[in-house]
Amino acid sequence: MRVVVQAEPFDYAAEVDRFAADRSDIGALVCFAGVVRDTDNTLSMMEIEHYPGMTEKALSKIAKEAKDRWSLGDVLVIHRFGKLTPGEKIMMVATAAPHRAAAFAAADFLMDYLKSRAPFWKKEHSRESADWVAAKQSDETALSRWS
Amino acid sequence: MRVVVQAEPFDYAAEVDRFAADRSDIGALVCFAGVVRDTDNTLSMMEIEHYPGMTEKALSKIAKEAKDRWSLGDVLVIHRFGKLTPGEKIMMVATAAPHRAAAFAAADFLMDYLKSRAPFWKKEHSRESADWVAAKQSDETALSRWS
Amino acid sequence: MDILYFAWVRERIGLPKEQIQTQAATVADLINELRAREERYVAAFSDLSALRVALDQELADFDAPLDGVREVAFFPPMTGG
Amino acid sequence: MDILYFAWVRERIGLPKEQIQTQAATVADLINELRAREERYVAAFSDLSALRVALDQELADFDAPLDGVREVAFFPPMTGG
C-alpha cells in the first residue's frame with residue numbers, strides 16, 4: 001500500500017507499470033486517473049489546496065479500508081496539490097485483486113471517498129475570475145452506496 | 001476508438017500513457033488489465049485460443065456500444081492470444097469520459113461483455129495437465145446488469 | 001458450408017474446420033446431421049447447454065435458420081478477459 | 001488552540017491559521033465565539049451547512065466537544081479527486 005501527496009507531477013505510465021508488477025496471484029488491475037478538465041477552453045489554471053497532515057491520514061485510512069474490505073493485493077493512491085494546467089493528471093488510484101469485481105469496486109469506492117472525505121479543495125482560474133469548485137450533491141450521494 | 005488483437009505482448013505503460021493524452025475535455029480515465037494468475041504456483045502456461053475475424057468484430061461492436069452508451073471521449077481494447085506465462089498481461093481496456101461515473105461504468109461493461117461475448121477460450125497448462133477454463137455463471141449473471 | 005470448431009469442441013472433433021454439404025434448415029438440424037455421422041460428433045455435441053454457435057461470426061441460437069449462412073462455428077462458452 | 005481555515009473560509013477570514021484561547025465546550029460554541037469577534041467571521045460562518053470541521057485532523061460534527069482538542073480546522077465540503 002502506498003499513499004503519495006505531492007506538488008510535483010507524477011509519472012503515470014511508470015506508476016501503472018510498476019504497480020503490482022510480477023505478482024502472479026493477481027488477475028485484475030484497475031487504475032483511475034483524474035485529469036484537469038477544460039471542456040469550454042476557458043480554464044487557465046487549476047489550483048488545489050489541501051490540509052497537510054490530515055490529507056495523508058485521510059488517504060491512508062481510505063486506502064486501508066479498501067484494502068481490508070476487498071482483500072486487495074495492493075493499493076496505490078497519488079494526489080497532487082498546487083497549480084495544475086488543463087490536461088494534467090491530478091491524481092490516480094490503482095487496485096489489484098484476484099478477480100475483476102473486487103478491483104473495480106475498490107477503485108470506485110476509493111474515488112467516492114477521496115472526492116468527499118479527503119481534504120482537497122479545487123479553485124478554477126480563468127482569465128476573468130477564480131472560483132472555488134462547489135461540492136456536488138451527487139458525490140455525497142455516491143458515498144451512501146458503500147455503507 | 002482502437003481495438004487490437006495480437007499474439008505479441010503489448011506495452012501497457014505506453015498504452016495508458018498515450019491513451020487520451022493531451023485531451024482537456026476528459027476528466028476521468030479508467031483502465032483495466034487482466035493478468036495471468038497463478039495463485040497456487042502450479043500454472044506453467046496459459047494458452048488463449050480465439051476466432052480470428054469474429055474476435056475483431058465482437059470487440060469492435062462491444063467498444064462501439066460502450067462509446068455510444070456513455071458518450072466516451074475514447075475507448076481502447078487490446079487482447080492477446082497464444083501462449084502466456086503467469087504474471088503477463090492478457091488484455092486491457094481503457095475508457096475516457098468527462099466524469100468518473102461514466103468512465104467506471106463503461107470499463108465495467110466492456111469487461112463483462114468481453115468475458116462472455118468475445119470468442120476467446122483459455123486453457124491452463126500445469127506440469128500434470130491442461131484444462132480448458134470453465135465459464136463462470138457469475139460472468140453470465142454480471143451481463144444482466146446492463147440490459 | 002464451412003464449419004469451425006474451437007477449444008474443446010475442436011479437440012473432441014479432432015479438427016478446426018471442415019467443409020460440408022448440407023440441406024439442414026436450422027443449427028439444430030445441422031447438429032443432428034453431424035451427430036449421425038460419427039461418435040466424436042456425438043461426444044462434442046452431447047450437451048448443447050455447454051455449447052455456443054456463431055453464424056457468419058455473429059452469436060446465434062440453436063433454432064436459427066441456416067439459409068444463406070456461409071460459416072458456422074461451434075465452441076464452448078467464452079472465457080476471455 | 002490552533003484554528004485552521006481552508007479554501008474560501010480562509011479567504012473570507014483572511015488568514016490560514018490563528019491561535020486562540022477559548023473555554024468553548026463544543027465546536028458550535030467556538031463558532032459563536034468567533035462570530036462575536038468580527039464581521040469577517042460572521043461572513044465565513046454564515047451558513048454552517050456549507051462548512052465542515054475537523055478536530056485534530058479527523059472530521060467531526062458541530063456538536064462535538066473540544067475537550068483535549070489541540071487543532072480545529074474549518075473548511076468547505078471537499079472537492080478532491
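Chain letters run A, B, ... following the sequence lines, proteins first, then strands; residues in each count from 1. Below, each value reflects all heavy atoms present in this structure, side chains not excepted, and no hydrogens, waters or symmetry copies.
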Is it the backbone or the side chain of C/Ala54 that comes under 4.5 Å from a heavy atom of chain B, or both, or neither?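 Contact with chain B: side chain only.
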Heavy-atom count around [X] [atom1] within 6.0 Å, excluding the residue itself: above 12?
X	atom1	value
B/Arg127	CZ	no
C/Asp47	CG	yes
C/Arg37	CZ	yes

Which of the residues B/Tyr51, B/Phe81, B/Phe120 is involved in the greatest number of heavy-atom pairs with chain C at under 4.5 angstrom?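 The candidate making the most pairs under 4.5 Å is B/Tyr51.
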Could you tell me which of B/Met91, B/Lys136, B/Lys115 has the largest number of non-hydrogen atom pairs under 4.5 Å with chain C?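 Of B/Met91, B/Lys136, B/Lys115, B/Lys115 has the most heavy-atom pairs under 4.5 Å with chain C.
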NZ/NE/NH1/NH2 to OD/OE distance under 4.0 Å, B/Lys57 and C/Glu58: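 So B/Lys57 does not pair with C/Glu58 through a salt bridge.
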Aromatic ring pairing B/Trp121/C/Phe75, orientation class (parallel under 30°, perpendicular over 60°, tilted between):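 Tilted: the ring planes of B/Trp121 and C/Phe75 meet at 30° to 60°.
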How many angstroms lie between CE in C/Met78 and CZ in B/Arg117, if you round to the nearest 0.5 Å?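 Here the rounded value is 7.0 Å.
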Is the backbone N or O of C/Gly81 less than 3.5 Å from a side-chain atom of B/His79, with the two atoms forming a donor-acceptor pair by type?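 Such a contact is found between B/His79 side chain and C/Gly81 backbone.
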Has C/Thr79 got a side-chain atom pairing as donor or acceptor with B/Ala134's backbone, closer than 3.5 angstrom?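 Side chain of C/Thr79 to backbone of B/Ala134: no pair is present.
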In the structure I gave you, are the side-chain heavy atoms of B/Lys123 and C/Trp8 within less than 4.5 Å of one another anywhere?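 A side-chain contact is absent here, since even the closest heavy-atom pair is not under 4.5 Å.
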Taking the side chain as every heavy atom from C-beta outward, state whether C/Glu71 and B/Met54 have any atom pair closer than 4.5 Å.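 No, every pair of side-chain atoms sits at 4.5 Å or beyond.
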Under 4.5 Å heavy-atom distance to chain C, tell me which part of B/Lys61 shows up: side chain, backbone, both or neither.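 B/Lys61 touches chain C through side-chain heavy atoms alone.
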With a 4.5 angstrom heavy-atom cut-off, is it the side chain or the backbone of B/Ile90 that approaches chain C, or both, or neither?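 Only the side chain of B/Ile90 comes within 4.5 Å of chain C.
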Can B/His50 and C/Phe6 be said to form a side-chain contact (heavy atoms from CB on, under 4.5 Å), step by step? CA-CA 8 Å; B/His50 81 121; C/Phe6 292 97; over 6 Å; no
